[in-house]
Number of protein chains: 2
Amino acid sequence: MVSCPLFCYNRYMPKIVDHEKRKKQIAEATWTIIVKKGIEGATVRAIAAEAGVSLGSLRHYFSSQEELLLYAMDLVKERVSIRINRLLQSEDSPEQISIRILLELIPYDAESQTEMSVWFHFVMNSLPHAREEEDGIREGIERIMTGLFEGGLLKKEVDVNLEIERLYALVDGLALHVMLHPKRLSKEKIKKVIVHHMNTLFHQPVEEANI
Amino acid sequence: MVSCPLFCYNRYMPKIVDHEKRKKQIAEATWTIIVKKGIEGATVRAIAAEAGVSLGSLRHYFSSQEELLLYAMDLVKERVSIRINRLLQSEDSPEQISIRILLELIPYDAESQTEMSVWFHFVMNSLPHAREEEDGIREGIERIMTGLFEGGLLKKEVDVNLEIERLYALVDGLALHVMLHPKRLSKEKIKKVIVHHMNTLFHQPVEEANI
DNA sequence: TTTTAAATGATACAGTTGTATTATTTAAAA
DNA sequence: TTTTAAATAATACAACTGTATCATTTAAAA
């Protein structure tokens, strides 16, 4: 057992807190503030107070506000990516799985609603030119549709590229509406819409109860 | 010819500029700033500079920033409402007209893209509790679908309420995607998607060329 | 012309912002 | 314990914010 491992560049290691964990904690406080007050309310002081750290402490982890906001947004992307990829790795039967994945893309729990709200704020303000970036949703939908088509599960006459665009718009539109009016649009209604939409494409329709 | 009409409550009328026109000019400058820099960049000084008026002059028309922002948003609503109502009053044949109306809801010209971008900014920041308000789009789509159904132009098996929700999400999703990636999503692609979508509902499909 | 009040411009001020500086506290290693 | 540097806290500062005040300019009516 050596006294100082490779990544320990100093002989003395005083007061070590998990650097990444602290940064993530501050980033999540940033989300909370953004959801509550919007980007304009996401001041370093408000974030520090929400995270329960002092201004100097926050500044110790993020040397500028822009760096903090970029980190907070990248963390959203990371979380969403993980969620999507986990779903795509699922190994169930194609039709039901595809619908379940689509339903998971709609932000229903508080956590994913926060993520989506923050994401929208960033995209709208195009802070780090997020407008140009991809959010991964389109790629996921593309994979789903292509997979279904290549598996021969879609009606032969469907135009895959067209249906990708249509489904992508439908999912983002539903997600947007849920975010803006969560009470008006119930989870059951969303489910009905998506199941019905996919059933118009499937060669062999699935029962809504089987989802 | 009386020397002082009814709406002239003072005997003297010095330097009259069109009050409403000036307010709208300033409100439009507000839009420009919001599109360029987001709500956070919509400071009274930036708006005054964009409108080409002094700070004191701006304040002469709007006694607070909040009043200005509310006015700017109400003006967006007014403009959008006028656009939608004008479309709904059209008296052509049902199927093509409905598709043309839907296509008009997608912001393609710079003007309507500005309006939509500003609208989104306001809605996201829920400044005047805009989240709860209706934007008129849903009502318009509801009228379109109901009209088509009652005219017997839709397939008998369609669930109207379900299709309203589906079409509403599709249109808003397309609008969102156009706003975020105007280059990726061409007007022709939008047209194809909407025509195809409506043709799955129409008893008698329409040719894309006839739109 | 003179008179009038709307319209405008200039400046000021208190509060908040991001950031910088500096000192203090904390805990891990010797 | 002592030593060390990371972690934290306190304070300061210049820039910018919304708003207020007040003098000036403008053009319509007399």
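Residue numbering restarts at 1 for every chain, and letters A, B, ... go by the order of the sequence lines. The structure presented is a predicted model; accordingly, all values stated were derived computationally and were not measured.
One can place CD of Glu67(A) at 14 Å from C1' of dG18(C), the figure rounded to the nearest angstrom. In this structure, Asp18(B) atom CG and dA6(C) atom C1' are separated by 14 Å, rounded to whole Å. Rounded to whole angstrom, the span from the NZ atom of Lys21(A) across to the C1' atom of dA7(D) amounts to 17 Å. One atom, NZ of Lys23(B), and another, P of dA6(C), lie 15 Å apart when rounded to the nearest Å.
A parallel orientation is assigned to the rings of His197(A) and His197(B), their planes being inclined by less than 30° (bins at 30° and 60°). Aromatic ring pairs are classed by plane angle as parallel below 30°, tilted from 30° to 60° and perpendicular above 60°; the pair Phe120(A) and Phe120(B) is parallel.
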Output field dot_bracket for DNA chain D (Watson-Crick or G-U, both distances under 3.5 Å, | for other-strand pairs) contains ||||||||||||||||||||||||||||||
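Remark: His196(B) engages no residue in a ring-ring contact (aromatic ring centres under 6.0 Å, His included) (not counting sequence neighbours).
Note on His60(A): every side-chain N or O is 4.0 Å or more away from OP1 and OP2 of dT8(D). OP1 or OP2 of dT8(D) has at least one side-chain nitrogen or oxygen of Tyr61(A) nearer than 4.0 Å. Side-chain N/O atoms of His19(B) include none lying less than 4.0 angstrom from OP1 or OP2 on dA6(C).
Of all heavy-atom pairs between Ile47(B) and Ala29(B), the closest is O-CB, 4.0 Å.
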Report the C-alpha distance between Glu188(B) and Lys191(B) in whole Å, list the side-chain angles of each, state the deciding distance to 0.1 Å, and finish with yes or no for salt bridge (charged side-chain N to carboxylate O under 4.0 Å, His left out). CA-CA 5 Å; Glu188(B) 288 67 33; Lys191(B) 190 175 168 182; over 6 Å; no
- Task: Please test Glu28(B) against Arg79(B) for salt bridge (charged side-chain N to carboxylate O under 4.0 Å, His left out), starting from the C-alpha separation and ending with a verdict.
- Result: CA-CA 11 Å; Glu28(B) 285 175 26; Arg79(B) 295 277 172 88; 3.0 Å; yes
Could you give me the CA-CA distance, side-chain angles and deciding distance for Arg83(A) and Glu115(A), then say whether salt bridge (charged side-chain N to carboxylate O under 4.0 Å, His left out) is met?
CA-CA 11 Å; Arg83(A) 196 190 308 269; Glu115(A) 287 170 2; 2.7 Å; yes
inquiry  = Using the rule given for salt bridge (charged side-chain N to carboxylate O under 4.0 Å, His left out), can you reason through Arg143(B) versus Glu150(B), listing the C-alpha separation, both sets of side-chain angles and the distance that settles it, and then say yes or no?
reply    = CA-CA 10 Å; Arg143(B) 285 170 65 183; Glu150(B) 288 172 353; over 6 Å; no
Pairwise N/O distances under 3.5 Å, protein to nucleotides 16-23 of chain D:
| residue | atom | partner | partner atom | Å |
| --- | --- | --- | --- | --- |
| dG18(D) | OP1 | Val44(B) | N | 3.4 |
| dG18(D) | OP1 | Gln65(B) | OE1 | 3.4 |
| dG18(D) | OP1 | Gln65(B) | NE2 | 2.3 |
| dG18(D) | OP2 | Val44(B) | N | 3.1 |
| dG18(D) | N7 | Arg45(B) | NH1 | 2.7 |
| dG18(D) | O6 | Arg45(B) | NH2 | 2.9 |
| dT19(D) | OP2 | Gln65(B) | N | 2.8 |
| dA20(D) | OP2 | Arg59(B) | NH2 | 2.1 |

